[in-house]
Structures are given as C-alpha cells and as structure tokens.
J.: 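Please see the structure below; I have some questions.
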Amino acid sequence: MPELPEVETTLRGVSPSMAGRTVTDIVVRNAALRWPVPGEVRRAVGRAVGDCRRRAKYLLFGIGGADGGLLVHLGMSGSLRVCPADAPPRKHDHVDIVLDDGNCIRFHDPRRFGVFDWYEDPADAHPLLNHLGPEPLSTAFTGTYLKTVSAGRRGAVKNFIMDGKVVVGVGNIYASEALFMAGIHPNRPAGRVSAERYDALCQAIRDVLARAIRRGGTTLRDFLDPGNNPGYFAQELLAYEREGLPCFRCETPIRRKVIGQRSSYYCPSCQR
DNA sequence: AGTGCGGCCTGTCCGC
DNA sequence: TGCGGACAGGCCGCAC
C-alpha cells in the first residue's frame, strides 16, 4: 500500500532509467483503471522524458516539448518496475512506457485503484492536484500551520492529518505512527490539539516519513520497489499492526480502533 | 464548510 | 477442502 515513502522510493527507482530516454510507445493492455487511461498519453511517444518528480502521491514524468507529461498514481496496490519491453506481461500489468533502450516502465496494479493520465503544464493545475495541501517535507508544513488550519474542526485529528487538503502523503500507516510518536490520541478533535503538540506532530510526521524513505519504504504485504526490493521500514513501526503487543514506551497493550473507516493503532495510556 | 460514508477493485485470510 | 464473506485502503464524489 504505497504511501508517500513508497512513492518516493518508486520515483528514485525509475528515474535513472527514464530521464533522457525517448518514449517509443505506450502500451495500454487494460485502460480500466480508476479512470479510463486517456488516448492523450500517446503524446509522449517520440519524445524524451524530462523532469521526473513527485507531488503528494502522484508521480509526474515530464515529457520534453509536449507542455505536459504522464501522471501516475499507484493507488492502493500499484507498482512500477523496470523490465525489458519484450518480457511477457504478468497478470495485472496494465500499461508499459516503452523506452528507446529496449526497456519499459511497467505499471502493475491488481486492484486498479491507480491512475495513469496525461497532465498539461503546469501540473499543479491538474484537477487531481489543484486542491492539495503542502508537502509534509517542505518548509510550508509547520506546527503553526496545522494549528491554524485545524481551528474549529471537530473531526478526529487522525482524519485531519490524512486529509490531502491539509497535508499530502500521510496515509494510514504513518498517521498512526506519527500520532504515537507525538503522544496524541487519534480520536482527539483536531481543533483541540494545542500549538505545542502540533509542533510535535509536525516534527513526528516529517521524521517518520524521512526515516521511511531512507529505509526504502514499508513492505507490509507486497510493496516492492522498481528493482523488486522490499522496503525495510516495517521493522521500525512503533504502533501500526501491533494490536495487543506492549507499547514500547509504557508496555500498555496497543489498541486497534476503526476511525474514519480505517484501522488506527495507538497506546491508550501514552496517547491523549 | 466541514464531516461522514459509499464506491471502486482483487487478493488474502478467516470461519463454517 | 471449498466457499462465502470480511477486510485491506487512497481518494473522489455525494449527501447531510
């Protein structure tokens, strides 16, 4: 389940194979992703890949001279890998970006919650991107910002930090982790978290995401990077999927509770 | 405006 | 052993 660290890991994995290469074909085997893959993606054919970057959990592959590029979201079960273009596709290998060196970037997504689309410059004007909040690892993301935006909000702080309009890239795993690190109960109303504790939460979010990126992401079940390597952050998780196990801080059993339709893990003693 | 929830998907796991 | 159902979850879009 790719969250920001897994998407960043994917970007770092595919970028060296893509940048500067010319796209010779886009092969769409199954266009029925979250939204139909549009024919416009073929605008990349015959052009070179330029700037490769990430915005939130979206991968943006700029295409030289096309005033736009390819937008990819891995959804819940998507992955990209680099492989020979003539390698036989596996089940759920829906799209290939074929490159002029004989390799391709292959998009695989069993659950098809992913997105493969074309964007026009500037990418941030794309309907999927134009409402997004700040990047958690940018200087715009601060405790003061969280405190300001949360004013009057009565929903759970966990849902608040998972809201892409507030801050992007904080998914279910890292939300639980950051709230544990900051000692904040996931169910606490967002508007009732103090400025000091939002400073701590901001720091925890930055810290957990940065460490997870360094470990190549979190492999819980099936995440593999483009070179087929798992991420090594799972062994550093403090709360997520530790229901019933002792809290590392106070040994109280970690509890699981569904908040906003998602499993949340927290220490009922340390997190208030 | 903020909040909550349905829906999209398939692989995996659990209980009968 | 087989089978149905719950569950996993990012994020849009809708209803209140």
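Atoms considered below: every heavy atom in the structure, side chains included; atoms not considered: hydrogens, waters and symmetry mates.
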J.: Compute the ring centroids of A:H185 and A:Y266, then answer whether they are less than 6.0 Å apart.
T.: yes
J.: With sequence neighbours left out, write down each residue that passes side-chain hydrogen bond (donor to acceptor under 3.5 Å, both in side chains) with A:D163, or none if nothing qualifies.
T.: A:R153
J.: I'd like to know if A:V95 and A:V115 are part of one continuous hydrophobic network [Ile/Leu/Val/Met/Phe/Trp/Tyr, side-chain heavy atoms within less than 4.5 Å].
T.: no
J.: Going by heavy atoms closer than 4.0 Å, what residues in residues 112-122 of chain A are next to DNA chain B?
T.: A:R112, A:F113
J.: Under the side-chain hydrogen bond (donor to acceptor under 3.5 Å, both in side chains) test, which residues partner A:R256, sequence neighbours left out?
T.: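 Expected list: A:S263.
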J.: Taking A:R106 for the side chain and A:A87 for the main chain, is one N or O donor matched with an acceptor at less than 3.5 Å?
T.: yes
J.: Quick one: the dot-bracket string of DNA chain C, using Watson-Crick and G-U wobble pairs with both distances under 3.5 Å, [ ] for crossing pairs and | for bases paired to another strand.
T.: .|||||||||||||||
J.: Using heavy-atom distances to pick each residue's nearest nucleotide on DNA chain B, tell me which of A:L33 and A:R154 is more 5'.
T.: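 Looking at the nearest nucleotide for each, A:R154 comes out on the 5' side.
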J.: A:F61, A:W118: one ILVMFWY side-chain cluster at the under-4.5 Å cut-off?
T.: yes
J.: For chain A and DNA chain B, what are the first and last nucleotides along the strand, 5' to 3', with at least one atom under 4.0 angstrom from a heavy atom of the protein chain?
T.: B:dT3 to B:dG11
J.: Does a salt bridge link A:R112 with A:D109, judged by any charged N lying under 4.0 Å from a carboxylate O?
T.: no
J.: Could you report the tightest heavy-atom contact between A:N172 and A:E3, atom names first, then the distance?
T.: N-OE2, 3.2 Å
J.: Within the 4.0 Å limit for protein heavy atoms, which parts of nucleotides 11-16 of chain C are touched? Write it as a string from 5' to 3', B for base, S for sugar-phosphate only, - for none.
T.: BB----
J.: Could you check whether A:D117 and A:H126, counting side-chain N and O atoms only, form a donor-acceptor pair closer than 3.5 Å?
T.: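 Yes, because at least one side-chain N or O of A:H126 sits under 3.5 Å from a partner of the opposite role on A:D117.
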J.: One thing to verify: whether A:R55 and A:E135 come together as a salt bridge, which I'm taking to mean a side-chain N less than 4.0 angstrom from a carboxylate O.
T.: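 Between A:R55 and A:E135 there is a salt bridge, with a charged N closer than 4.0 Å to a carboxylate O.
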J.: So, do A:F160 and A:S150 sit near enough that their side-chain heavy atoms are less than 4.5 Å apart?
T.: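 SC-SC contact between A:F160 and A:S150 confirmed.
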